[in-house]
Every structure is written in structure tokens, then in C-alpha cells.
K.L.:
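Let me give you the structure first, and then I'll get to my questions.
Quick caveat: nothing in here was measured; it's all calculated off a predicted structure.
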Amino acid sequence: MSDLRERYQAAFMPNYGVPPLALVRGEGCRVWDADGRAYLDLIAGIAVSSLGHGHPALVEAVSAQVATLAHTSNLFVNEPAVLLAERLLDLLGGDGRVFLSNSGTEANECALKLAIKHGRANGRSVFVATENGFHGRSMGALALTGKASIREPFGPHALDVRFVPYGDVAALKAAVDEDCAALFLEPAQGEGGVVPPPDGYLAAAREICDATGALLVSDEIQSAIGRTGAWFAFEHDLAGARPDILTLAKGLGGGLPIGACVAFGPHGGIFAKGDHGSTFGGNPVAAAAALAVLTTIERDGLLGNAAATGEVLAAGIAAVEHPLLAGVRGRGLWRAAVLTGPHAPAAEAAARAAGFLVNAVQPDALRLAPPLTLTAGQARSFTDALPAILDATEVAA
Ligand SMILES: *Cc1c(COP(=O)(O)O)cnc(C)c1O
């Protein structure tokens, strides 16, 4: 394994550092490293492997499609992509149009181009996004990302963005006005540390956008496809309403790279022919994978499992009394164990040594985003081990 890590370091750009483990195999919620050690995967490749590893439905769908037709480009129609777009629209209540991309950041670039075009037609050029929000690494999505340390080294950006504190309705009211083309909002901040907004915040955002004519773009790249126990996280908060534009990626493909931008009502018709495109977007193998994910979530009741097992996980963490543990937040199988100080990197390492993969998403927050197939017993195996993991966490002096 040290050999693989050394070769990684020599061959790759240093932007990720050198990851601590090389993984070679997965089965269900378990993965194995290059030395043959097994881990319970509680991060699922950053909320991506929604069916776990090696799920037969995914293996079958991808294998059959790659053997039949692996790629068409958007010069030709392929049926899996059409079925996927139809299925997404069904889940979302219809009356929308879909663009398929290969990643989250590209789904947001599509949303951004829609909003720019909508704004130009209506004399609006300002964007509003949130401090500590995350929308991706490509230059448009990065301009909307509210973390100065990753945005500013690549500025100035060609987008006029007002950043507001997340969860603050008064700040939203002040920032979203008649000049605003769109508000980009996560239903809970994922990279920010799985931080849910106060009750009523998303509904207030919907009202403010309705009152001013700004588009509400819900970035559900991390939160959707069952992660919170609902297909889409906005369903918890918007009481039957929808955003104007929705972006998806991560869990949608179950491990295959795919993203989607869905625009509702008249916004589905903003692009004219030639306004946007992608060679790989709508690739039939990725679309077949996403269809298998959606079908399996429905067939196996995984929304219910995410809600119920998420409660077991949260209750188990909440029951641990330890000087390093402050509490737990999040919804469904999308949680953060909140620590009393900047101990998350050390706690992540201690968890790994104990056979659990978690993610130090913030200095004081451990993110848990396991496969939606996680069992209550697996959740308990982690919360039972948590006191010892925290005991083994080396507290920085
Ligand atoms: C991960 C993520 C993105 C970026 O997705 P990539 O596939 O890494 O480009 C954008 N927005 C949110 C909320 C995310 O969690």
C-alpha cells in the first residue's frame, strides 16, 4: 500500500495531498484496502455510493449497457438518458426539462447559464449565495462558492455575487432584490459541515424569490436521491412548492459519474438550440446506472431505511457522553458528529484505525454519509465504537 501511495504522489498533482488509504474492493457497506483490511464505509465516496459497493442491480445495469452501447454523444438520442429524464421529472411532479452532465459542478454551470440568460432578458445581473456554501470547483460554480480560501486564489471572478450568512432570513431579504438573477442555496450546507438551516429558512427563500422575481436554485448535489430520507431534501421544507432550478449529482449514479440540472415550468425553455452542451452528458452507461439507483431505492424502500437508520445513527451518537463530543446534526443518513474543538482530522484517523471510514469535513465536524443500504446493526457498530475512537483521538496541544 505504501508503494501505491508513493506512486500516487509521484504521478498526481498535489491538489489532494496523498490520501491515507488505497482501496481495492467493496461489497455492500464494506470496503477493503490494499493490505486486505476491511472497513465499514460511512462516507460512501462523499455521499455517492448510494447502493453501497457491488450492488447487483448496478452491476447488471452497467454491464448490460456497456455491452450494448456505451456512448452516443448528444448527436444521437439514447433510450437510457430519455428514461432517466422522464423518471426524474416524474419524481419531481412533472412540468420541467432536464440537462444531463457528468458531475455536480457541471450541473451548476448549467443552472448558472440558465440564470444568466434569464437575468439578461430581465435586466438582472446580481447573484446571491451563502457564506461557507459550496457549489463546485469550475470557474462559474467556484464564483458562487462561499469559502474565500478556495475562491479568492482564482479570482477575480466574472460574476457579481453577494454572499449572505446561511440561515439568516433578514440577510436574504436585504440581498435578494430586483437586480438579483438567482439565489443559489443548499438545503443544508454539505461541505460546510452538514449544517441544516433554521426551520422556515428555505420556505422564506422561496417567498423572497417569488416576491422579487429572482430564480431559486436549489443545489441538491449532495442532499438528494434519498440522502435525507426523501428523494429531494427540499421536500422536507418547501411544503409542496419547488425551487425554480434543481441540481443533482453525487448519489444519482451510485458511483458512475453523472449530474443533472432540472428547470421547472417556463425556465425549462430558457436555452435555445446551441446554448449549452456536453459530449459525455447523458452517456447511456451513466444513465443506466442512475436508473438502476432510482429503481432500487424505490423497490427496496431505501428512503425509509435512510430515515430510520439515520435516526439510529443520530440517537447512538447523541447517547455518547465524551469530552470531545458536542452533539450531532443533520437528517437521514447525512449527519455530522460535532466535536468540541478542531479534533476532526485526528478523530477521522482514529476511526479509520478502528475500521470505520468517516470524513473530517470541517475541523470540528465528522461527516457520515454512508450507503442508503446501511443497516441499523452497522450503524450501532459505529456508535458502540465511538467512545473508544474518541478516547484514541489525539488532541492537539
Ligand atoms: C460535491 C458538490 C458539488 C460539486 O460536485 P462535483 O461533482 O465535485 O463537481 C456542488 N455542490 C454541492 C452542494 C456539492 O456537495
Side-chain angles (χ1 to χ4, degrees), residues 1-2 5 16-49 52-53 190-196 222 227 305-306 308-397:
M1 169 135 85
S2 62
R5 294 182 67 237
Y16 296 118
V18 182
L21 289 184
L23 298 180
V24 295
R25 185 166 70 86
E27 193 184 314
C29 294
R30 262 172 224 292
V31 289
W32 282 263
D33 72 15
D35 297 330
R37 274 201 74 196
Y39 302 84
L40 184 64
D41 183 4
L42 296 174
I43 189 60
I46 318 187
V48 165
S49 305
H53 303 275
E191 298 308 300
V194 194
V195 182
Q222 190 160 158
R227 183 62 37 211
N305 187 63
T309 307
E311 286 306 320
V312 171
L313 192 58
I317 295 168
V320 170
E321 281 189 41
H322 194 281
L324 295 190
L325 186 66
V328 57
R329 65 190 174 216
R331 200 172 217 156
L333 285 174
W334 197 35
R335 303 279 178 171
V338 185
L339 306 180
T340 51
H343 314 307
E348 178 195 293
R352 193 163 55 240
F356 300 93
L357 300 187
V358 301
N359 165 242
V361 64
Q362 287 286 319
D364 67 346
L366 280 184
R367 172 168 51 184
L368 307 169
L372 306 181
T373 52
L374 191 80
T375 65
Q378 288 168 328
R380 272 189 219 103
S381 73
F382 172 69
T383 57
D384 287 349
L386 187 55
I389 289 169
L390 294 170
D391 284 343
T393 296
E394 286 180 31
V395 177

K.L.:
Going by salt bridge (charged side-chain N to carboxylate O under 4.0 Å, His left out), name the residues that satisfy it together with R380, two or more places apart in sequence or in a different chain.
P.N.:
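Expected list: none.
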K.L.:
Testing the basics here: between T383 and I317, what is the closest heavy-atom pair and its distance to 0.1 Å?
P.N.:
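Closest heavy-atom pair between T383 and I317: CG2-N, 3.6 Å.
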K.L.:
My understanding is that only residues two or more places apart in sequence, or in another chain, count here; which of them pass side chain to side chain donor-acceptor pair (under 3.5 Å) with T309?
P.N.:
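If we apply the side chain to side chain donor-acceptor pair (under 3.5 Å) test to T309, skipping adjacent residues, the hits are N305.
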K.L.:
Could you report the tightest heavy-atom contact between P196 and V194, atom names first, then the distance?
P.N.:
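P196 and V194 have their closest heavy atoms at CD-O, 3.4 Å.
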K.L.:
How long is the straight-line distance from CG of D41 back to OG of S49, given to the nearest 0.5 Å?
P.N.:
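Between atom OG of S49 and atom CG of D41 there are 6.5 Å.
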K.L.:
Identify the heavy atoms of A360 and P345 that sit nearest to each other, and give their distance.
P.N.:
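Shortest heavy-atom contact: CB-N, 3.6 Å.
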K.L.:
Whether the side chain of D35 engages the backbone of R37 through a donor-acceptor N/O pair (distance < 3.5 Å, no angle test) should be reported.
P.N.:
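Looks like no, no N/O pair under 3.5 Å.
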K.L.:
Residues in side chain to side chain donor-acceptor pair (under 3.5 Å) with D364, at least two apart?
P.N.:
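For D364 there are no side chain to side chain donor-acceptor pair (under 3.5 Å) partners, ignoring immediate neighbours.
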K.L.:
What residues form a side-chain contact (heavy atoms from CB on, under 4.5 Å) with R352, not counting sequence neighbours?
P.N.:
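Partners of R352 by the side-chain contact (heavy atoms from CB on, under 4.5 Å) criterion, ordered by chain and then number, come out as P20, L21, Y39, E348, A349, L357.
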K.L.:
Which pairs count as ring pair (Phe, Tyr, Trp, His ring centres under 6.0 Å) when at least one residue sits in residues 347-381, sequence neighbours excluded?
P.N.:
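Passing the test, one end in residues 347-381: F356-F382.
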K.L.:
Could you check if a side-chain atom of L313 sits within less than 4.5 angstrom of a side-chain atom of L333, using non-hydrogen atoms only?
P.N.:
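They are in contact (side-chain heavy atoms under 4.5 Å apart), so the answer is yes.
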K.L.:
Specify the closest pair of heavy atoms between A314 and V328, including all atoms of both residues, with the distance to one decimal.
P.N.:
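Heavy-atom minimum between the residues: O-CG1, 3.6 Å.
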K.L.:
How many angstroms lie between CD in Q378 and CZ in R30, if you round to the nearest 0.5 Å?
P.N.:
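Rounded to the nearest 0.5 Å, the CD-CZ separation comes out at 6.0 Å.
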K.L.:
Hey, what do you get for CG (L366) to OG1 (T393), rounding to the nearest 0.5 Å?
P.N.:
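L366 CG to T393 OG1: 8.0 Å, rounded to 0.5 Å.
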K.L.:
Nearest heavy-atom pair of E191 and Q222: which atoms, and what distance?
P.N.:
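Closest heavy-atom pair between E191 and Q222: OE2-NE2, 2.9 Å.
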K.L.:
Side chain to side chain contact (heavy atoms under 4.5 Å, CB included) for N359 and I46? Distances and angles first, verdict last.
P.N.:
CA-CA 8 Å; N359 165 242; I46 318 187; 5.9 Å; no
K.L.:
Apply the side-chain contact (heavy atoms from CB on, under 4.5 Å) test between L374 and each candidate in L368, V312, L42; give the one that qualifies.
P.N.:
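Single side-chain contact (heavy atoms from CB on, under 4.5 Å) partner of L374 among L368, V312, L42: L42.
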K.L.:
Can you tell me how far CG of L372 sits from CH2 of W334, rounded to the nearest 0.5 angstrom?
P.N.:
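Result: 12.5 Å between the selected atoms.
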K.L.:
Please list, chain by chain and in numerical order, all residues satisfying side-chain contact (heavy atoms from CB on, under 4.5 Å) with T340, sequence neighbours excluded.
P.N.:
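For T340 the side-chain contact (heavy atoms from CB on, under 4.5 Å) partners, ignoring immediate neighbours, are L324, A326, H343.
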K.L.:
side-chain contact (heavy atoms from CB on, under 4.5 Å) with A365: which residues, sequence neighbours excluded?
P.N.:
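Once residues adjacent in sequence are excluded, the partners of A365 under the side-chain contact (heavy atoms from CB on, under 4.5 Å) criterion are R329, A336, V361, Q362.
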K.L.:
List for me each residue that meets side-chain contact (heavy atoms from CB on, under 4.5 Å) alongside E311, sequence neighbours excluded, and say none if there are none.
P.N.:
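If we apply the side-chain contact (heavy atoms from CB on, under 4.5 Å) test to E311, skipping adjacent residues, the hits are R335.
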K.L.:
Is there a donor-acceptor contact under 3.5 Å from the side chain of R367 to the main chain of V358?
P.N.:
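Side chain of R367 to backbone of V358: no pair is present.
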K.L.:
Do you know the tightest heavy-atom contact between V320 and P387?
P.N.:
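Taking every non-hydrogen atom into account, CG1-CG, 4.0 Å.
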K.L.:
Which salt bridge (charged side-chain N to carboxylate O under 4.0 Å, His left out) pairs, counting each pair once, include a residue from residues 314-325, with sequence neighbours left out?
P.N.:
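Output for this query is empty, none listed.
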K.L.:
Check side chain to side chain donor-acceptor pair (under 3.5 Å) between D384 and all other residues, then give those that pass, not counting sequence neighbours.
P.N.:
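Scan of D384 (side chain to side chain donor-acceptor pair (under 3.5 Å), adjacent residues dropped) gives none.
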